[in-house]
Amino acid sequence: MSTLGRVGGSSPWMLRPSRRDASRREVTLPCQGVREHDFVLIADRTLDVSVDGLLLPLRRRVLTGESLIVSFAIPGLWIDAEATVARVVH
């Protein structure tokens, strides 16, 4: 998966069209995404973020349903979350 460009303007917090109820923000943030069972790093940045999930460009293969631990910072706050792979885009 390649890195996505920004949608209009120069702000990294631009709203992307979505079929989902939650607003997704196209934003590249440094992160650490690791598989829970072996703590192997599978992603080092986000491509977009919503209250319901993240889109991560993968460095390693993962399976749908696999458990992950993801950590990333937003201004003034660190987010540490347990996550489940909902889909893999090929």
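Below, all heavy atoms of this structure are taken into account, side chains as well, without hydrogens, waters or symmetry copies. Note that the structure is predicted; figures quoted are calculated from it, not measured.
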Intermediate values then yes/no, side chain to side chain contact (heavy atoms under 4.5 Å, CB included), Leu54 and Val70: CA-CA 9 Å; Leu54 299 168; Val70 182; 3.5 Å; yes
Grouping I, L, V, M, F, W and Y whenever their side-chain heavy atoms are under 4.5 Å apart, do [X] and [Y] come out in a common cluster?
{"X": "Leu56", "Y": "Trp78", "result": "no"}
{"X": "Val62", "Y": "Phe39", "result": "no"}
{"X": "Leu77", "Y": "Phe72", "result": "yes"}
{"X": "Val85", "Y": "Ile79", "result": "yes"}
{"X": "Leu58", "Y": "Val49", "result": "yes"}

State whether the side chain of Thr46 and the backbone N or O of Cys31 hold a donor-acceptor pair below 3.5 Å, judged by distance alone.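 Checking the backbone N and O of Cys31 against the side chain of Thr46, no donor-acceptor pair under 3.5 Å is found.
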For Ala43 versus Pro57, what's the shortest heavy-atom pair and its separation?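 So the two residues come closest at CB-O, 3.7 Å.
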Any chance you could measure [X], atom [atom1], to [Y], atom [atom2], to the nearest 0.5 Å?
{"X": "Asp48", "Y": "Leu55", "atom1": "CG", "atom2": "CG", "answer": "4.5 Å"}
{"X": "Arg45", "Y": "Leu29", "atom1": "CZ", "atom2": "CG", "answer": "11.5 Å"}
{"X": "His37", "Y": "Ser67", "atom1": "NE2", "atom2": "OG", "answer": "10.0 Å"}
{"X": "Arg35", "Y": "Leu41", "atom1": "CZ", "atom2": "CG", "answer": "10.0 Å"}

For a 4.5 angstrom cut-off between non-hydrogen side-chain atoms, does [X] reach [Y]?
{"X": "Val40", "Y": "Arg60", "value": "yes"}
{"X": "Thr64", "Y": "Val88", "value": "yes"}
{"X": "Arg59", "Y": "Ile42", "value": "no"}
{"X": "Glu36", "Y": "Glu66", "value": "no"}

Any chance CD of Gln32 has more than 12 other-residue heavy atoms, nucleotides or ligands included, within less than 6.0 Å?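 No - once you tally the heavy atoms of other residues, nucleotides and ligands closer than 6.0 Å, there are 12 at most.
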